[in-house]
Amino acid sequence: MKIAFVGKGGSGKTTLSSLFIRHLTANEAPVVAVDADINQHLGAALGLTDEEAAALPALGAHLPLIKDYLRGSNPRIASAEAMIKTTPPGEGSRLLRVNEDNPVYDACARPVRLDDGEIRLMATGPFTESDLGVACYHSKVGAVELCLNHLVDGPDEYVVVDMTAGSDSFASGMFTRFDMTFLVAEPTRKGVSVYRQYKEYARDFGVSLKVVGNKVQGEDDLDFLRQEVGDDLLVTMAHSNWVRAMEKGRPPRFELLEADNRCALQTLQDAAEDSYANRDWERYTRQMVHFHLRNAESWGNAKTGVDLASQVDPAFILSEASAVPLPG
């Protein structure tokens with residue numbers, strides 16, 4: 001299952017992402033966690049020291065390796081340089097799986113030990129001084145989108161992505177890459193504004209969207225969220241002393257998280273698992289191709305000097321059935 005956490009800056013999406021990852025690990029689910037926000041905080045929320053978080057390899061820095069591995073023997077892709085962030089897989093492409101070893105994970109993922117097990121953590125990487133004035137956020141997350149386009153996951157496996165704040169992900173097709181998107185909203189007008197943007201943009205793409213109310217302090221806050229987001233409100237998170245301790249760098253064992261919040265996290269997992277019944281690999285592949293052709297026409301063809309529409313394999317549909325390991 002591919003799960004995204006989104007919301008405005010300061011809403012608590014990174015904290016909720018980290019709690020959900022810990023919850024899944026406690027339930028013995030394999031997890032690949034991805035920090036897709038250039039403000040890199042997921043590692044710290046998962047217990048890494050500042051030095052450990054800073055040492056995480058940046059996906060963007062390994063983009064040539066990622067491209068070269070994923071293109072495999074696909075005859076429609078002449079070189080790694082001809083690939084862009086939206087290039088779809090086809091016959092001969094290498095696919096990524098959650099619970100495997102491969103050169104992409106070797107270069108870009110690091111194991112993180114939690115109370116109840118181990119996960120893989122990947123990060124886009126922060127802006128550097130050399131990026132200022134010449135690079136944008138979307139150039140950093142291109143590696144994430146490319147990996148998601150080539151990733152095949154099953155119902156009991158999880159890829160949890162902590163997305164950028166606000167609605168920036170709509171500048172690419174990455175918002176369509178998820179089985180479930182959890183939007184973390186505070187009970188304020190600003191808190192629900194991103195929800196309205198997401199709801200509007202996602203409507204035409206069949207994106208499954210649920211709201212997680214955060215920093216809810218009473219019935220008035222709850223009534224506000226119900227009025228503003230209606231049936232999309234899935235659950236709310238209560239004030240947490242456990243989270244306060246985590247933010248100070250001294251988290252207790254995860255089993256000591258408040259019972260109400262543990263139940264809320266289980267509600268998230270149940271919603272994610274229920275969404276699997278609606279998974280449509282054909283639509284998923286079609287949307288992938290749609291955004292690739294849009295990017296090709298708007299900038300990709302000019303940048304690569306290649307007609308990127310020729311990379312589309314019309315007979316290929318990404319699916320669990322297509323996840324047959326290739327040599328090398």
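Hydrogens, waters and symmetry mates play no part in the numbers below; they use all other heavy atoms, side chains included.
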Side-chain donor-acceptor pair present, [X], [Y], cut-off under 3.5 Å:
| X | Y | result |
| --- | --- | --- |
| Gln40 | Thr124 | yes |
| Asn74 | Gln311 | no |
| Thr14 | Asp162 | yes |

Are side-chain heavy atoms of [X] and [Y] found at a separation under 4.5 Å?
| X | Y | answer |
| --- | --- | --- |
| Ser93 | Leu70 | no |
| Tyr69 | Leu96 | yes |
| Gln269 | Leu265 | no |
| Val194 | Gln197 | yes |
| Leu19 | Trp242 | yes |
| Ile77 | Lys67 | no |

Practice task
May I ask you to list the residues sharing a hydrophobic cluster with Leu308, side-chain cutoff 4.5 Å, ordered by chain and number?
Solution key: Ile84, Trp299, Val306

Report the distance from atom [atom1] of [X] to atom [atom2] of [Y], rounding to the nearest 0.5 Å.
| X | Y | atom1 | atom2 | result |
| --- | --- | --- | --- | --- |
| Thr176 | Phe291 | OG1 | CZ | 5.0 Å |
| Arg226 | Asp231 | CZ | CG | 11.0 Å |
| His292 | Glu145 | NE2 | CD | 11.0 Å |
| Leu209 | Ser275 | CG | OG | 12.0 Å |
| Cys108 | Leu56 | SG | CG | 11.0 Å |
| Arg94 | Ile66 | CZ | CD1 | 13.5 Å |

More than 12 heavy atoms of other residues, nucleotides or ligands under 6.0 Å from [atom1] of [X]: yes or no?
| X | atom1 | result |
| --- | --- | --- |
| Arg113 | CZ | yes |
| Gln266 | CD | yes |
| Glu91 | CD | no |
| Gln217 | CD | no |
| Arg250 | CZ | no |

Practice task
Tell me whether Leu225 is reachable from Leu234 by hopping between hydrophobic residues (I, L, V, M, F, W, Y) whose side-chain heavy atoms are closer than 4.5 Å.
Solution key: no

Exercise for the section: For the pair Arg120 (side chain) and Val98 (backbone), establish whether a donor and an acceptor sit closer than 3.5 Å, ignoring hydrogens and angles. Expected result: yes

Practice task
Begin with the C-alpha distance, continue with both residues' side-chain angles, and end with the deciding distance and a verdict on side chain to side chain contact (heavy atoms under 4.5 Å, CB included) for Thr285 and Glu282.
Solution key: CA-CA 5 Å; Thr285 305; Glu282 185 175 355; 5.9 Å; no

Exercise for the section: On the 0 to 90° scale, with breaks at 30° and 60°, tag the His23-Phe20 ring pair as parallel, tilted or perpendicular. Expected result: parallel

Handout entry: Steps toward side chain to side chain contact (heavy atoms under 4.5 Å, CB included) verdict (Asp115, Glu255)
Key = CA-CA 9 Å; Asp115 289 342; Glu255 64 191 26; over 6 Å; no

Problem - Closest non-hydrogen atom pair, Ser319 against Trp281 - result: CA-CD2, 3.5 Å

Practice task
Check the pair Phe175 / Tyr201 against ring pair (Phe, Tyr, Trp, His ring centres under 6.0 Å), numbers first and verdict last.
Solution key: CA-CA 9 Å; Phe175 73 99; Tyr201 288 137; 7.6 Å; no

Completion exercise
Hits for side chain to side chain contact (heavy atoms under 4.5 Å, CB included) against Gln227, two or more places apart or cross-chain, chain-then-number order -> none

Handout entry: Candidate list Thr15, Asp37, Val34, Ile21, test side chain to side chain contact (heavy atoms under 4.5 Å, CB included), partner Leu42, passing option
Key = Ile21

Handout entry: Passing option when Met237 is tested against Leu268, Val212, Val184 for side chain to side chain contact (heavy atoms under 4.5 Å, CB included)
Key = Val212

Exercise for the section: State whether Arg97 and Glu157 are salt-bridged, where the test is any N-O pair (Lys NZ or Arg NE/NH1/NH2 against Asp/Glu carboxylate O) under 4.0 Å. Expected result: no

